[in-house]
Amino acid sequence: MTAFHISHPLIDRRHMLGHDVIDSEHAAISNCWFYAVNCPPIEFPLRLARLKKLMAMHFEHESALLAQSGYALCRYHHNEHRMLLELCDQVMTSHERDWKKAQSLLQKKFAKLVREHVITMDQCAVLLIHSNSEIAAAPNQ
């Protein structure tokens, strides 16, 4: 039995940023998080490892998309990525000692930080990507 039964997504339509690739990766992370917070304890390490892997791949891809647009992740954005991955490690360590605490960290603290990251850092990244795409597509004057 799970400590919580969460019926809402980690990231929903309010968090759509208008970039198909980034939005689809966020949806995959949200889906994986949903299964992790609703799984039985025996599945939790695998679900959490999958979540962390999806996030790491997304963070690398996001950085590459920015680089293709002529920008780099600022250190604050990069630090938030690192912090979110470290939080996954803390949740795993917590799981080994206290299942309910691990579920609570993932369901509350992690979710809050991811949502804040999407609506601040990722929104800025998408704006940069789109602004460079618009400049490149503009006819020479």
Worksheet entry | M57 side chain near H61 side chain, heavy-atom distance below 4.5 Å | no

Worksheet item: Which heavy atom of H95 sits nearest a heavy atom of P45, and at what distance?
Response: CE1-CG, 3.7 Å

Discussion item. I'd like to know if M121 and I29 are part of one continuous hydrophobic network [Ile/Leu/Val/Met/Phe/Trp/Tyr, side-chain heavy atoms within less than 4.5 Å].
Written reply: no

Worksheet item: In terms of hydrophobic clustering (I, L, V, M, F, W, Y; side-chain heavy atoms under 4.5 Å; direct or indirect links), are M83 and L105 co-clustered?
Response: yes

Discussion item. We want to know whether E62 and H81 form a side-chain donor-acceptor pair, criterion being a heavy-atom distance below 3.5 angstrom.
Written reply: yes

Item to complete: Answer whether the closest heavy-atom distance between the side chains of D122 and H77 falls below 4.5 Å.
Response: yes

Worksheet entry | Donor-acceptor contact present, side-chain N79 to main-chain R75, <3.5 Å | yes

Worksheet entry | Q123 CD to H117 NE2 distance, which is reported to the nearest 0.5 Å | 12.0 Å

Worksheet item: Would you call L106 and F44 a side-chain contact if the rule is heavy atoms closer than 4.5 Å?
Response: yes

Fill in: L84 CG to F110 CZ distance, which is reported to the nearest 0.5 Å
6.0 Å

Fill in: Parallel, tilted or perpendicular, as decided by the 30° and 60° cut-offs, for the rings of H26 and H58
perpendicular

Discussion item. Hydrophobic cluster membership, with links at side-chain heavy-atom distances under 4.5 Å among I/L/V/M/F/W/Y: are V37 and L46 in one?
Written reply: no

Worksheet entry | Verdict with reasoning, L85 to F59, per side chain to side chain contact (heavy atoms under 4.5 Å, CB included) | CA-CA 10 Å; L85 294 173; F59 295 158; 3.9 Å; yes

Discussion item. Using modelled atom types and a 3.5 Å cut-off, is there a donor and acceptor pairing between side-chain atoms of S131 and backbone atoms of L128?
Written reply: yes

Practice prompt. Please tell me if the side chains of R47 and C32 come closer than 4.5 Å, counting only heavy atoms from C-beta onward.
Written response: no

Discussion item. Quick one, P40 and E43 - any side-chain contact, counting heavy atoms below 4.5 Å?
Written reply: yes

Discussion item. I need the Q107 CD to N38 CG distance, nearest 0.5 Å.
Written reply: 9.0 Å

Worksheet item: Are any of the side-chain heavy atoms of Y76 and C124 separated by less than 4.5 Å?
Response: no

Item to complete: First locate atom CD1 of I22, then atom CD1 of I129, and finally report the distance between them rounded to the nearest 0.5 Å.
Response: 4.0 Å

Worksheet item: Would Q90 and T93 count as a side chain to side chain contact (heavy atoms under 4.5 Å, CB included) if you check the C-alpha gap in whole Å, the side-chain angles of each, and the deciding distance to 0.1 Å?
Response: CA-CA 5 Å; Q90 292 171 13; T93 300; 5.7 Å; no

Practice prompt. Say whether V21 and L66 are linked into one hydrophobic cluster, either directly or through other cluster members, by side-chain heavy-atom distances under 4.5 angstrom.
Written response: yes

Worksheet entry | Euclidean distance, L48 CG relative to Q103 CD, rounded to 0.5 Å | 9.5 Å

Practice prompt. Look up atom NZ in K112 and atom CD in E116, then write down how far apart they are to the nearest 0.5 Å.
Written response: 3.5 Å

Discussion item. Given L51, which partner from the list W33, Y35, F34 fulfils the side chain to side chain contact (heavy atoms under 4.5 Å, CB included) test?
Written reply: W33

Fill in: Minimal non-hydrogen separation, S94 against A102, with atom names
OG-N, 3.5 Å

